[in-house]
There are 2 protein chains.
Amino acid sequence: MTYRIGEVAKKLGISTSALRFYDAHGLLPFVQRDAQGNREFTDNDLNYLDVITVLKKSGVPVATIADFIKLCMQGDDTLVQRYAYLEDTEQALDEQIRALKRQKAFLKFKQWYYQTAIEAGTETIHFKAGTHDFDPEAKREYLRLHPEAVDFAHFVED
Amino acid sequence: MTYRIGEVAKKLGISTSALRFYDAHGLLPFVQRDAQGNREFTDNDLNYLDVITVLKKSGVPVATIADFIKLCMQGDDTLVQRYAYLEDTEQALDEQIRALKRQKAFLKFKQWYYQTAIEAGTETIHFKAGTHDFDPEAKREYLRLHPEAVDFAHFVED
DNA sequence: CCTTGCCTTAAACCTATGTTGAAGGTCTAA
DNA sequence: TTAGACCTTCAACATAGGTTTAAGGCAAGG
């Protein structure tokens with residue numbers, strides 16, 4: 001049983017133009033055509049599209065995914081390469097997660113900054129007296145209250 | 001004490017062209033100019049640049065960051081708005097982290113898939129007999145061995 | 001037979017986020 | 001006083017990842 005491009009688009013939530021774009025860039029070499037030249041997607045092709053979708057969401061560029069798919073088409077000789085490839089992707093993913101957590105720690109600090117400012121009715125409590133400049137003491141104060149936030153101590157240079 | 005654009009670029013690891021681009025797009029309304037028209041960055045401006053950097057790394061578009069900076073320039077009346085803004089950004093960050101973790105769970109499955117294929121010397125152990133089509137049994141088998149991976153059960157439709 | 005709804009390709013277009021280059025100003029040190 | 005190292009603006013270019021549009025083919029229903 002096969003699917004037409006429009007059905008696949010609906011099933012997977014990918015636009016038909018994106019699917020054609022992927023095909024044009026070598027991500028779908030396995031998709032066959034019918035007598036009229038229309039693409040015929042099999043269930044197995046959808047499995048490949050799941051892999052492609054995950055790699056895309058992991059931030060892997062289309063050209064790099066195309067390399068991986070090429071390896072897949074080459075059979076058992078490339079198994080080790082493909083495994084290494086996925087390990088690299090996983091490491092990149094881990095680094096992205098770590099980076100986002102650092103951004104989150106900083107946002108948490110800024111939320112505390114605004115929360116306390118809102119309670120005080122004014123942001124000036126965080127400024128150096130007589131200026132509109134941040135008092136670095138604010139960051140130190142926060143780190144005293146939230147020692148778990150050392151992750152973002154990177155931002156405290158003082 | 002002030003810094004010139006090149007010093008700031010070196011200090012923060014942002015190119016001078018990117019800094020000028022941010023200025024042109026309203027992210028640096030606080031930066032003053034000297035008699036020659038050169039930008040003069042203060043230490044406090046660098047604090048704002050830290051905030052901008054974090055928002056950027058959190059995936060917030062430049063135009064949206066500009067809105068936030070505008071609120072910052074408007075004083076205490078916008079404290080609650082600014083807090084809400086940061087909460088929204090944090091939620092978006094949490095969702096990104098959750099999404100990356102789902103991608104990672106799928107990659108882990110694929111790593112198992114290749115690990116076992118490498119041990120067997122061939123990928124065919126995961127195919128339906130006589131075909132090159134994935135046997136959905138592989139996913140079920142993996143979930144039996146790794147019940148913690150239900151996160152990605154989304155991908156198991158069978 | 002004609003309309004509707006799919007599908008096809010190729011090429012042009014779009015958005016975000018910068019980068020690069022041209023043309024010129026200022027300051028400092030030799 | 002001239003060379004070098006900065007800085008300025010403005011406009012053109014680049015890149016990724018699609019989307020849109022134009023022009024056309026095939027098949028089914030009325």
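Numbered from 1 within each chain, the chains take letters A, B, ... in sequence-line order. What's counted below: heavy atoms across the whole structure, side chains too, no hydrogens, waters or symmetry copies.
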(message) B:Lys104: which residues meet the salt bridge (Lys or Arg N to Asp or Glu O under 4.0 Å) condition with it, sequence neighbours left out?
(response) A:Glu90, A:Asp94
(request) Output every pair passing ring-ring contact (aromatic ring centres under 6.0 Å, His included) with a member in residues 33-53 of chain B, not counting sequence neighbours, ordered by first then second residue. (result) A:Phe134-B:Tyr48, B:Phe30-B:Tyr48
(message) Which residues pass the side chain to side chain contact (heavy atoms under 4.5 Å, CB included) test with A:Asp34, not counting sequence neighbours?
(response) A:Gln36, A:Asn38, A:Glu40
(message) Please enumerate all residues that pass salt bridge (Lys or Arg N to Asp or Glu O under 4.0 Å) together with A:Arg20, with sequence neighbours excluded.
(response) none
(request) Taking ring pair (Phe, Tyr, Trp, His ring centres under 6.0 Å) as the test, write out the residues that go with B:Phe68, two or more places apart. (result) B:Tyr85
(request) For A:Glu119, enumerate each residue passing the salt bridge (Lys or Arg N to Asp or Glu O under 4.0 Å) test, keeping only those at least two apart in sequence or located in another chain. (result) none
(request) Sugar-phosphate means primed atoms, P, OP1 and OP2; the rest is base. With that split, encode nucleotides 4-23 of chain C 5' to 3' as B, S or - using protein heavy atoms under 4.0 Å. (result) ---SBB-------BBBB---
(request) Applying salt bridge (Lys or Arg N to Asp or Glu O under 4.0 Å), name anything that partners A:Arg144, two or more places apart in sequence or on another chain. (result) A:Glu137, A:Glu141
(request) Heavy atoms of chain A, cut-off under 4.0 Å: which first and last nucleotide of DNA chain D, 5' to 3', fall inside that, if you could look? (result) D:dG17 to D:dA27
